[in-house]
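The structure appears below as C-alpha cells.
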Amino acid sequence: MTYVAPNSVQARDIASIVHPQTNLARHLEEGPMVIGRGQGCYVYDDNGTEYLDTAAGLWCASLGYASERLARVAYDQMRKLGYYHLYRGTGHEPSVDLAEKLLAIAPPAHGGTMSKVLFQCSGSEANDTAIKLVWYYHAAIGKPQKRKIIGRIMGYHGSTTASISASGKPDMHADFGLPLPGFLHTDYPHYYRNHLDGESEEQYATRLAERFEQLILREGPDTVAAFIAEPVMGAGGGLTPPRTYWEKMQAVIRKYDMLFIADEVICGFGRTGNMWGSETYDLKPDMISCAKALSAGMQPISATLINQRVFGAMLDESRKLGNFAHGFTYAGHPVTTAVAMETLRIYDEMDMLGHVRQIGPYMQQKLGRLIDHPLVGEVRGVGLMCGIELVADKDTRRQYDPARKVGATVDVHARTHGLITRFVGDRIAFSPPLIITEAEIDEAVARITRALDETWRELSAG
Ligand SMILES: Cc1ncc(COP(=O)(O)O)c(C=O)c1O
C-alpha cells in the first residue's frame, strides 16, 4: 500500500473523487498521480517530476498544456458574454464564426458538402446526437423501422448510453446491461492480427466487407440504419485500416441505403496528416463528429456536422412537429466556441498540417525501428498516430497471456523514465501533441526503448 500523507491532494482525492477508467479499489490504496502543471508536450507532477506525454492527454492536447493566447481569448469572451445558449432561435457570434469555419474546412460529404453544425460538449454527446439524428432521419423519410446501428468490435465512440452501445468494448458494457438492443458490431480491421495465412491486405479487406454485408442481410437491410466508425481506430490502439478497406465498406453502406457517421473525434484536425481522417481515407460520410483537438483540449466542445440529406429530413420533421426537440444547455457556449475558433486560427498560422506532414513520417520512421525489438510484432501508423503491438512470439504473432499485463508493465516502466504512453491491452499507442519536435520524438523513442528493454528482461527472467 502506497503511503498517502494526510490532507495531501492525494488523500483528498481518494476521499472525494470517483475516477473514470480506474480500478476504484486500487485507487483507494494508491491514490492519484497528481499533475500540477504543463508546458509544451511536458506535464509535471506535484513533486515537479517531468513527463513527456506521447498521448496528448487523451489524444486532445494538440497544442500542448498551456497557452497564453487561448487563455486571453477565454478571458476576453467571459468578460464580454460568458454564457448564452442557442435555444429557441437565439444566437451569438462566436458560435457562428466557428460553425462557418467548420463548414469551410469540412471534407466532402456523401451527396456533396456538409451543410450544418450542431454543437455539444464532448465526443460522446456528438456521437449520441448523430445516432439520434439517424433515427430522426429515417423516421422523417418514412422508414421508422430502420433503426439498427452497426459499429465495430474495438471501436470506441464514448461513454454515454448510446455512444458506448455503438462501441465494441465488452469491458465497458459489462454489468451496465449494455449495449442497448439494436446496436451491433462488425469486425475491426487489424490486418496484422487477424489476416489468414497467405491473405493479402486487399483480400482481407474484401473478407471484412463481405462479413459486414452478411451481418446486414442477417439483420434485415430494412432495419439497419447506419454505420459508425473512426477512420483510424484510436482507443483500439491506433489501428490503421488495410488497403481498400474503406472503399469496400463504403460500397456496402451505400448499397443498403444506410447513413455513415465518421467519428473524427481523434482523427479530426490534423492527426492523420490531413485536416480529417475522412480525407486521408477518401470517406464520404453523412455526418462527422469531432471534438478533442477542436479546442486543443482546452475547452469541452464537440461538433456534429451533417450533410444536406440529413438536414433536409430534419427540416421536414421540425415543420411537422413544430420544433427540433434536441439540445444541450452548453451547446455552442460562447467561451468554448471562441477558444475553438482561435485554436483553428493557430493551426492555420503555424501551418499545423505542414508540420504534421513533415514530423509524422519522422515519428513513424523512428518508432518503426522498434520492430527489431524482441517484444515488438508490429509498428504501424499514419500521421502523428502509431500503434506498437507487443507479442510473445514474432513468427507466430502469439500474444502474451492477458494476465501478464505486458502493455501495462511497459507503461509503468515508461513512467519511471518520464514518459506517458497510452496502452490498450498489449498495444502501445503514440499520439503526441501535434506541436511535437524531432528532438522530443527522439527522446520519447529513447524512453520507450528503455521501458521495452526492462519489460523484456523481466519477462525473460520468468
Ligand atoms: C473516437 C472517439 N470518439 C468518441 C470519444 C468520446 O469522447 P469524450 O470522451 O469527449 O466523450 C472518444 C474518446 O476518446 C474517441 O476516441
Side-chain angles (χ1 to χ4, degrees), residues 19-22 53-62 118-132 149 151-169 171-173 176 178-179 183 185 188-189 226-241 260-272 276-278 280-281 283 285 287-305 328 330-331 333 336 339-340 343 381-387 420-424 427 429-433:
H19 285 258
Q21 299 291 351
T22 297
D53 186 354
T54 57
L58 293 173
W59 317 75
C60 51
S62 48
L118 296 92
F119 288 114
Q120 303 76 214
C121 301
S122 68
S124 304
E125 289 166 298
N127 285 323
D128 262 46
T129 295
I131 290 165
K132 282 180 73 179
I149 308 286
R152 296 180 297 181
I153 298 162
M154 298 283 280
Y156 182 60
H157 306 294
S159 268
T160 47
T161 317
S163 64
I164 192 56
S165 292
S167 308
K169 290 279 196 187
D171 58 317
M172 291 183 72
H173 295 152
F176 286 111
L178 294 168
F183 285 84
H185 304 95
Y188 68 103
F227 181 60
I228 179 167
E230 306 151 74
V232 179
M233 298 180 81
L239 301 177
T240 49
F260 178 21
I261 307 164
D263 181 344
E264 294 264 10
V265 167
I266 281 179
C267 294
F269 310 104
R271 178 62 63 190
T272 66
W276 306 95
S278 293
T280 304
Y281 295 102
L283 309 188
M287 292 186 248
I288 278 180
S289 35
C290 60
K292 296 196 190 264
L294 168 56
S295 63
M298 296 223 186
Q299 288 287 309
I301 179 168
S302 65
T304 309
L305 278 57
F328 301 95
Y330 303 111
H333 190 290
T336 66
V339 170
T343 302
V382 62
L384 271 180
M385 63 198 298
C386 184
I420 295 179
T421 64
R422 169 75 189 264
F423 68 95
V424 182
R427 208 171 158 82
F430 270 70
S431 60

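In listed order, ligands and their atoms are each counted from 1.
Test Ser163, Ser167, Ser289 against Asn127 for side-chain hydrogen bond (donor to acceptor under 3.5 Å, both in side chains) and you get one pass: Ser289.
Inter-residue side-chain proximity for Pro231 and Thr280 is flagged as unmet; no heavy-atom pair is nearer than 4.5 Å. Residues Trp59 and Met385 have side chains in contact (heavy-atom distance under 4.5 Å, counting atoms from C-beta outward). Inter-residue side-chain proximity for Phe260 and Leu283 is flagged as met; some heavy-atom pair is nearer than 4.5 Å. With contacts defined as side-chain heavy-atom distances shorter than 4.5 Å, the pair Tyr281/Val232 qualifies. Counting heavy atoms from C-beta on, the side chains of Pro179 and His185 come closer than 4.5 Å.
Not a single donor-acceptor pair under 3.5 Å links the side chain of His157 to the backbone N or O of Asp128. Remark: side-chain polar atoms of Thr272 are not paired, donor with acceptor, to backbone N or O of Val382 under 3.5 angstrom.
Every heavy atom of Glu264 sits 4.0 Å or more from the atoms of ligand 1. Within the structure, ligand 1 lacks Leu58 among the residues with a heavy atom less than 4.0 angstrom away.
In the vicinity of Ser122, heavy-atom distances shorter than 4.0 Å reach the ligand 1 atoms 10 (O), 11 (O). Here is the list of ligand 1 atoms found below 4.0 Å of a heavy atom in Ile266: 16 (O). Of all atoms in ligand 1, numbered sequentially from 1 with element shown, those under 4.0 Å from a heavy atom of Gly123 are 6 (C), 7 (O), 8 (P), 10 (O), 11 (O). Counting the atoms of ligand 1 from 1 in the order shown, those under 4.0 Å from a heavy atom of Asn127 are 3 (N), 4 (C).
Neither the backbone nor the side chain of Trp59 comes within 4.0 Å of ligand 1, counting heavy atoms alone. In Glu230, the part holding a heavy atom less than 4.0 Å from any atom of ligand 1 is the side chain. Using a 4.0 Å cut-off between heavy atoms, Ala235 makes no contact with ligand 1 at all. For Glu125, no heavy-atom contact with ligand 1 is shorter than 4.0 Å.
When hydrogens are left out, the protein atom nearest atom 14 (O) of ligand 1 is Lys292 NZ, 2.8 Å; that is the closest non-hydrogen contact. Atom 3 (N) of ligand 1 has Asp263 OD2, 2.7 Å as its closest protein atom, hydrogens excluded (heavy atom only).
Considering backbone and side-chain N/O of Ser124, one or more are found under 3.5 Å from N/O of ligand 1.
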Steps toward side chain to side chain donor-acceptor pair (under 3.5 Å) verdict (Gln120, Thr304): CA-CA 8 Å; Gln120 303 76 214; Thr304 309; 3.2 Å; yes
